[in-house]
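All ligand and atom numbering here is 1-based and tracks the order in the structure. Only heavy atoms go into these numbers, but all of them, side chains included; no hydrogens, no water, no symmetry mates.
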Amino acid sequence: MEDQKTKKEILPLIPLRGLSVFPYMVLHFDVGREKSINALEEAMVNDQLIFLTTQKEAETDLPTAEDFYEVGTIAKIKQMLKLPGDAIRVLVEGISRARIIELVQEEPFFKAEIEEEVVDEELEIDKELEALMRTVLDAFENYVGISNRISPEILMSVTAIEEPGRLADVISSHMLLKIEQKQEILEAFQPKDRLEVLYRLLLREIEILEIEKEINAKVKKQINKVQKEYYLKEQLKVIQEELGDHGSIDDEMENYRDRIKKAKLPKKVEEKVIKEVDRLSRLSPGSAESGVIRTYVDWILDLPWNKQTKDRLDINNAKEILDEDHYGLKKVKERIIEYLAIRQLAKEMKGPIICLVGPPGVGKTSIAKSIARSLNRNFVRMSLGGVRDEAEIRGHRRTYIGAIPGRIISAIKEAGSKNPVFLFDEIDKLTSDFRGDPAAALLETLDPEQNKDFTDHYLEVPFDLSKVMFITTANSLGTIPRPLLDRMEVIDVSGYTEEEKLMIAQKYLLPKQIKEHAMKPENLQISEQVIRDVINYYTRESGVRNLERQLATICRKAVRRMLEEKTKVVRIQPGNLKNYLGIPRFRYDKAQERDEVGIATGLAWTAVGGDTLSIEVTTMKGNGKLVLTGQLGDVMKESARAGISYIRSKMEELKLQEDFYQTLDIHIHIPEGAIPKDGPSAGITMATAVISALTNMPIHREVAMTGEITLRGRVLPVGGIKEKVLAANRAGIKKILLPVQNQKDVEEIPENVRKKLELVFVEHMDQVLAHALVRKEEINED
Ligand code: ADP
């Protein structure tokens with residue numbers, strides 16, 4: 001027949017799952033995939049026309065051109081409704097069938113050039129066509145009669161249709177057919193062909209329905225409530241046997257039941273999934289609900305309910321592995337070995353949880369990995385940084401659209417065993433808000449009394465976490481919720497000295513990077529001084545993370561040079577380091593050039609390690625105001641006031657002008673340093689700077705100090721001694737004033753650093769001043 005005309009156009013395309021759309025059909029469906037949503041948006045800004053084609057397999061998530069049929073339907077979007085989550089419900093009306101000529105675009109959505117069938121209204125209905133129409137109508141009437149799924153009104157409206165093609169389309173849209181069968185009808189562009197295909201399918205359906213009826217009659221007698229489900233399944237089976245075809249749904253269910261059997265699930269869980277699979281078998285495969293159930297069952301079956309790795313509990317072996325992976329960290333390794341030893345004896349995983357505390361890049365994560373390796377367990381990691389919603393930990397209930405399990409269950413799936421080493425990173429970064437308290441959920445997770453039955457909102461059935469070995473890390477202990485902290489055994493992993501960094505770089509980081517860049521050790525010659533320069537001028541950190549990064553950059557550039565210049569050996573010297581890493585990033589915060597009045601060097605401890613802290617004080621005519629500016633926290637301000645009070649009580653001894661606090665303003669400023677510092681440990685430093693400013697006596701430039709001050713001038717102990725001393729050493733300080741009560745912390749300081757410095761322990765401000773201030777006679781000597 002030549003009276004069919006065609007028209008070409010380009011339209012956005014959406015592949016549908018388990019759903020076919022016919023011309024004249026009005027229906028709605030939900031769109032969730034990003035590509036499809038993009039296509040919808042494109043259609044909306046144009047003429048609301050969209051090309052709908054069906055996926056060959058409903059399960060394919062990211063279909064490509066091969067995965068959907070060429071023939072589909074152009075539809076007009078009538079309405080869109082945003083659903084909770086990102087999904088959109090659209091109401092469309094089928095306009096006309098069309099065939100893809102060429103896919104012109106795949107991203108960010110499919111776009112196809114299509115050839116549209118233009119209906120010729122004038123199509124002459126010859127006798128043959130008329131006869132065919134009547135036959136089809138009769139068959140449909142018969143079908144409606146038996147199936148009792150279709151209301152008689154539909155039959156009436158269908159009878160009124162005069163166009164043969166439309167008749168076929170409308171009838172098809174009312175029938176319960178498989179996707180392939182619907183597609184067959186859709187692909188019949190000629191009305192006559194279409195009616196013939198439809199007629200064949202109608203006859204087949206009628207036959208099935210009749211058989212179904214027979215079975216009905218046979219089985220009906222014995223039906224009672226319990227048997228109903230069984231009966232339905234039997235019915236399906238008989239139909240399928242009769243057809244000689246085993247539908248893919250059946251295969252899918254079989255596959256699920258098989259997997260359930262093999263998974264050896266805990267009883268409760270097994271009962272639950274079986275129930276879900278049964279429900280699934282009763283739903284239409286393309287429906288949204290069946291998708292939700294499928295995802296759920298897959299999650300359950302993917303979890304390691306019963307998979308467990310066998311522990312290797314051998315302390316000597318653990319020691320070897322820890323040494324193999326990490327330089328130094330003597331104390332940390334010892335603590336871990338002790339911890340493992342107790343585990344070995346007790347077998348049970350009860351007791352406190354290790355919390356590795358220290359600045360970034362000191363190897364906390366990598367220690368946890370080594371523990372997993374030594375125990376022969378799998379390793380997973382979950383960062384708690386910024387987690388503020390309980391649902392992130394415990395998941396969303398399944399009633400939420402797009403719900404998935406929480407991050408803990410997801411991590412367990414990733415681990416693939418029920419007894420991994422599980423690292424909670426940055427436990428100090430946990431926050432809480434109106435969406436519930438994640439700390440409480442975490443507490444339950446970590447509690448051996450409770451985590452045997454850990455509940456995830458999505459899973460609905462408890463998962464046993466009691467075999468998991470949890471390890472946590474934090475940058476500092478300050479912000480960890482108290483009840484969590486009580487559960488943990490804190491192990492400090494403090495920063496490294498230059499010497500330690502050098503060893504780590506030479507023994508671990510560099511060999512690792514060389515290997516990762518596919519080089520051999522002899523290809524790259526880096527002198528020790530180069531590594532020292534990288535440590536000092538290109539990084540400023542307590543750990544070695546940036547150092548590792550910089551070494552990686554060097555390796556990358558070295559490989560390039562090897563290839564470009566066809567050489568076998570690349571030599572890097574202090575002189576040419578700039579060519580690899582650019583100009584040095586950090587200048588040393590060196591000690592002052594001269595002894596100055598009103599400038600004292602303090603020592604601070606922050607989350608990234610120690611740092612020197614220069615405190616400046618000036619006085620000016622005024623009325624006794626105390627002005628504080630720069631990087632000061634509240635505690636620091638308090639301690640500045642305590643310092644001033646002390647000074648006022650000592651006016652006579654210090655030979656200060658009696659009325660200084662009425663006639664002078666004192667301005668304390670802490671310049672530089674992007675990291676806000678707080679804490680009382682700058683107390684003596686501030687007091688010293690103020691006294692220097694008031695008395696006009698300079699402060700020794702090579703002296704640094706740390707300590708809290710009381711109103712009476714006593715010096716109290718402070719924390720972070722090791723980091724502070726390391727920072728002072730780096731800055732070229734020669735003498736450090738420390739509180740007497742911190743004497744015990746000195747053993748943490750590496751021997752070689754201790755030898756270079758003069759550590760003076762002070763009890764009182766008088767001693768501080770004696771060491772810090774430059775006496776008049778000293779100045780004269782200068
Ligand atoms: P953190 O978890 O403390 O932030 P990482 O474990 O990520 O630090 O460590 C950063 C990098 O430094 C890793 O590649 C790690 O192997 C390496 N590293 C840290 N400390 C050591 C050490 N003592 N010996 C060898 N390598 C180390």
Student: For ligand 1, is there an N or O atom under 3.5 Å from any N or O atom of Ile504?
Tutor: no
Student: I'd like to know if Gly543 contacts ligand 1, where contact means a heavy-atom distance under 4.0 Å to any ligand atom.
Tutor: no
Student: Can you run down the ring pair (Phe, Tyr, Trp, His ring centres under 6.0 Å) pairs that involve residues 717-742, sequence neighbours left out, and say none if there aren't any?
Tutor: none
Student: Side chain, backbone, both or neither: which part of Lys364 comes within less than 4.0 Å of ligand 1 when only heavy atoms are counted?
Tutor: both
Student: What residues form a side-chain contact (heavy atoms from CB on, under 4.5 Å) with Pro574, not counting sequence neighbours?
Tutor: Ser527, Gln529, Val530, Asp533
Student: Quick check on contacts: which atoms of ligand 1 are under 4.0 angstrom from a heavy atom of Tyr508?
Tutor: 25 (C)
Student: By number and element, which atoms of ligand 1 are closer than 4.0 Å to a non-hydrogen atom of Ser366?
Tutor: 6 (O), 15 (C), 16 (O)
Student: Salt bridge or not between Glu548 and Arg545? Use side-chain N to carboxylate O under 4.0 Å.
Tutor: no
Student: Hey, does Leu356 sit under 4.0 Å from ligand 1 if you only count heavy atoms?
Tutor: no
Student: With heavy atoms of Lys512 as the reference, note each atom of ligand 1 found under 4.0 Å away.
Tutor: 14 (O), 16 (O)
Student: So Ile408 and Phe422, do their side chains get closer than 4.5 Å, heavy atoms only?
Tutor: yes
Student: Looking at ligand 1, does any of its N/O atoms fall within less than 3.5 Å of an N/O of Gly363?
Tutor: yes
